[in-house]
Amino acid sequence: MTVIPVEKKVLSENQRIAASLRDRFEDHGTLCLNLISSPGSGKTTLLEQTLGGFRPEERVAVLTGDLQTENDAKRLARYGFPVQQITTGGVCHLDGKMIERALERWSLDAIDLLFIENVGNLVCPSSYDLGEEAKIVLLSVTEGEDKPLKYPSIFAKSELLVLTKVDLLPHVPFKMEEARANARLVHPGIEILELSCATGQGLEEWRTCLSRRRETALQRICAARA
């Protein structure tokens, strides 16, 4: 059985790169957030809404991962901020080396907030630390409220759960309170937001959450340097 040692070696190397990335983010005061979800839950649409709310002078960038195509990067680039597509060619997650290579094209001195839109998958991305400040998991109401129980690893490792497409609640059998309870069963301290990019519900709370996380990260970095 050689699978386990190989997997451990791969993850160990990824941890080394992730630690280096985390140090770089902290040295430059860059808040890095890693968005993870099933395909179609609304990551790209949420990022479109998010970028649309920033002023042009704000220093925001996005790395977006996908198996094939640069469709997501093209959508996000319309908002005028730096965007790179990482096409994995079939790999079901982003890893630290991919992030490291993508960042060779940018200076973190010019980026205060970096979003990573991971490959649509609730399983593989949970195993790969990308040096991010926090993982954020999205779950749409068109999926099952039992997803936190079926895919506990990503919910346990995420600091924030964004319940998306809540405008569709009258049309789907999604049990919101059960979804919240399942998420907190897996991760009692997880923060939960309800959001609809179609109606704008929850977007102001989302932006407030981003601002709060950036402020908290900066305070921690400053305290460490003092």
TODO: Could you list all the side chain to side chain donor-acceptor pair (under 3.5 Å) pairs where at least one residue sits in residues 30-43, not counting sequence neighbours?
DONE: N34-N118, S37-S41, S37-K43, S38-E143

TODO: For the residue pair L195 and L46, establish whether any side-chain heavy-atom pair is separated by less than 4.5 Å.
DONE: yes

Task: Over all atoms of both residues, closest heavy-atom pair of S196 and V166 - done: CB-CG2, 3.8 Å

Task: CG-OG distance between D95 and S127, expressed to the nearest 0.5 angstrom - done: 11.5 Å

Open item on the list: Do V162 and F155 land in one hydrophobic cluster if side-chain heavy atoms of ILVMFWY residues count as linked below 4.5 Å?
Closed with: no

TODO: Output yes when a side-chain donor or acceptor of Q85 lies under 3.5 Å from a complementary backbone atom of A73, and no otherwise.
DONE: yes

Task: Check: D129 and R22 side chains under 4.5 Å, non-hydrogen atoms - done: yes

Task: Heavy-atom closest contact (T45 atom, C197 atom, distance) - done: CG2-CB, 3.7 Å

Task: SB check K97 E100 (cutoff 4.0 Å) - done: yes

TODO: Give a yes or no on whether the backbone of R207 and the side-chain of S211 come within a donor-acceptor separation of less than 3.5 Å.
DONE: yes

Task: Cluster overlap V186 with M176, hydrophobic side-chain contacts below 4.5 Å - done: yes

Open item on the list: So L210 and L31, do their side chains get closer than 4.5 Å, heavy atoms only?
Closed with: no

Open item on the list: Is the ring pair Y128/H93 parallel, tilted or perpendicular, if the boundaries are 30 and 60 degrees?
Closed with: parallel

- [ ] To the nearest 0.5 angstrom, please state how far the CD atom of E117 sits from the CG atom of D72.
- [x] 5.0 Å

Open item on the list: Set out, in order, the CA-CA distance, both residues' side-chain angles and the distance that settles side chain to side chain contact (heavy atoms under 4.5 Å, CB included) for E48 and L76, then state yes or no.
Closed with: CA-CA 6 Å; E48 286 183 303; L76 296 171; 3.8 Å; yes

Open item on the list: Can a donor-acceptor pair be found, under 3.5 Å and without considering hydrogens, that links the side chain of S126 to the backbone of V123?
Closed with: yes

TODO: Looking only at non-hydrogen atoms, find the nearest pair between T87 and E70 and report the distance.
DONE: OG1-CG, 4.4 Å

Task: Rounded distance (nearest 0.5 Å) linking atom CD1 of I86 with atom OG1 of T64 - done: 8.0 Å

Task: Nearest-0.5 Å distance that lies between atom CZ in R75 and atom CG in L51 - done: 11.0 Å

Task: Nearest non-hydrogen partners of V62 and W106, listed with the distance - done: O-CH2, 3.4 Å

TODO: Examine L193 and L35 and state if one hydrophobic cluster contains both, with Ile, Leu, Val, Met, Phe, Trp and Tyr joined whenever side-chain heavy atoms are less than 4.5 Å apart.
DONE: yes

- [ ] Tell me whether I99 is reachable from V91 by hopping between hydrophobic residues (I, L, V, M, F, W, Y) whose side-chain heavy atoms are closer than 4.5 Å.
- [x] yes

Open item on the list: One pair to check against side chain to side chain contact (heavy atoms under 4.5 Å, CB included): I116 and C32. What are the steps and the verdict?
Closed with: CA-CA 7 Å; I116 298 174; C32 177; 3.5 Å; yes

- [ ] Considering non-hydrogen atoms only, spot the tightest contact between P148 and L139 and give its length.
- [x] CD-CD2, 4.2 Å

Task: Distance, nearest 0.5 Å, that separates OG of S140 from CZ of F174 - done: 7.5 Å

Task: SB check E13 R16 (cutoff 4.0 Å) - done: yes

Task: 4.5 Å side-chain heavy-atom contact, I111 and H28 - done: no

Task: Spacing of CD belonging to Q84 relative to CZ belonging to R105, to within rounding of 0.5 Å - done: 4.5 Å

- [ ] State whether R180 and E194 are salt-bridged, where the test is any N-O pair (Lys NZ or Arg NE/NH1/NH2 against Asp/Glu carboxylate O) under 4.0 Å.
- [x] yes

- [ ] Find out whether V60 and T50 are in side-chain contact, i.e. whether some heavy atom of one side chain is under 4.5 Å from a heavy atom of the other.
- [x] no

Open item on the list: What verdict does the side chain to side chain contact (heavy atoms under 4.5 Å, CB included) test give for K157 and I36, after you've listed the backbone C-alpha separation in whole Å, the side-chain angles of each residue and the deciding distance to 0.1 Å?
Closed with: CA-CA 11 Å; K157 293 178 180 178; I36 300 171; over 6 Å; no

Open item on the list: Any non-hydrogen side-chain atom of L113 less than 4.5 Å from a side-chain atom of L33?
Closed with: yes

Open item on the list: Are the side chains of L160 and C209 in contact, using a 4.5 Å heavy-atom criterion?
Closed with: yes

Task: Salt-bridge present (E26, R220; N to O < 4.0 Å) - done: yes

Open item on the list: Can you give me the closest heavy-atom contact between A183 and I192, atom names plus distance?
Closed with: CB-CD1, 4.4 Å

- [ ] Kindly work out whether a path of hydrophobic side-chain contacts (I/L/V/M/F/W/Y, heavy atoms less than 4.5 Å apart) joins L130 to I154.
- [x] no

Task: Side-chain touch L63/M98, heavy atoms, less than 4.5 angstrom - done: no

